[in-house]
Amino acid sequence: MLRVVRNVLGQLAATLGFSELECHAVVLAVDEALTNIIRHAYLGDAERPIEVSCRRIHVSRDGRGRDALEIVLEDRGVTVNAKKMCGRALEDVRPGGLGLHFIRESMDTVEFSRRKGRNQLRLVKILHEPQKGS
Amino acid sequence: MQIAARHLDKITIFDISGDIDLATSPVLRKALLREFRELKVPRVVLNLGAVRYMDSSGVASLVEGLKASRDVGSRFILFGLNRTIREVLQLSKLVKIFEIYDNEEQSVAP
């Protein structure tokens, strides 16, 4: 299922005009977020429901309006402790804890919230205008 | 993900293809740990040329392989990284801890 979501998101990001590397960043961030939900919110149960919604939005950045891709993931798992969602020091070379770092490095906005018994993760990737002549 | 093993003198070469993600990375981890911890192979080379995608669980498996190799004094080498895989390793800021070459010839050189 993760592969299906990756393929769909990659195509969506490409359709919106993101570069190949930006498409990969979006795919990686959402894939890592889904993995974290399965591992931590659903305690390893990959059969529980995760809702993913995507839409094109307009945001203000550096005094200019820009198009962006907003992705919201919702799950009904256990409450995520925001204080624990801090990743780890990269100097600490060991497996684990990289997923959140990948998400934060890949996206422009990363917001966690808990609403009506659901964990919600909002991710935004801003679409940069192609450079003139490219 | 698929793994095919080749043996060249005292070197094991794993040709990996497909996606290394949450579902498949445990297979890679198990294969690497077996080579280092059980078989004590002096050098394990990973051909990542046909890997299309790798997530943090894949990176974690590589880190575990690297640690196991250091524990037994073996070498763990990667080659054939495409742009996407290189980007993931750079994002993890762990790219410098791995021994990475462009091709198999360099990876198996004495």
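Throughout, a chain's letter reflects where its sequence line sits, starting with A, and its residues are numbered from 1. Given the structure is predicted, the values throughout are model-derived calculations rather than measurements.
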Surrounding CZ of R34(B) (heavy atoms of other residues, nucleotides or ligands, distance under 6.0 Å), is the total greater than 12?
no
Going by chain and number, the hydrophobic cluster around F79(B) (ILVMFWY, side chain to side chain under 4.5 Å) further includes L8(B), I11(B), I13(B), V45(B), I77(B), Y101(B), V108(B)
Side-chain heavy atoms of S92(B) within contact of E105(A), under 4.5 Å
no
In residues 18-34 of chain A, which residues are in contact with chain B at a heavy-atom separation under 4.5 Å?
E20(A), L21(A), H24(A), V27(A), L28(A), D31(A), E32(A)
Quick check: do F102(A) and V88(B) have side-chain heavy atoms less than 4.5 Å from each other?
yes
The ring pair (Phe, Tyr, Trp, His ring centres under 6.0 Å) partners of F76(B) (sequence neighbours excluded) come to F36(B)
Under 4.5 Å between any side-chain heavy atoms of S57(B) and T35(A), yes or no?
no
Partners meeting side-chain hydrogen bond (donor to acceptor under 3.5 Å, both in side chains) with E70(A) (sequence neighbours left out):
R55(A), R122(A)
Check whether more than 12 heavy atoms from other residues, nucleotides or ligands sit under 6.0 Å from atom CG of D45(A), and answer yes or no.
yes
Side chains of R3(A) and R52(B): does their closest heavy-atom pair fall under 4.5 Å?
yes
Rounded distance (nearest 0.5 Å) linking atom CG of L22(B) with atom CZ of R39(A):
5.0 Å
Chain A contact via D19(B) - side chain, backbone, both or neither, heavy atoms under 4.5 Å:
side chain
If you group Ile, Leu, Val, Met, Phe, Trp and Tyr by side-chain heavy-atom gaps below 4.5 Å, do L127(A) and L9(A) land in one group?
yes
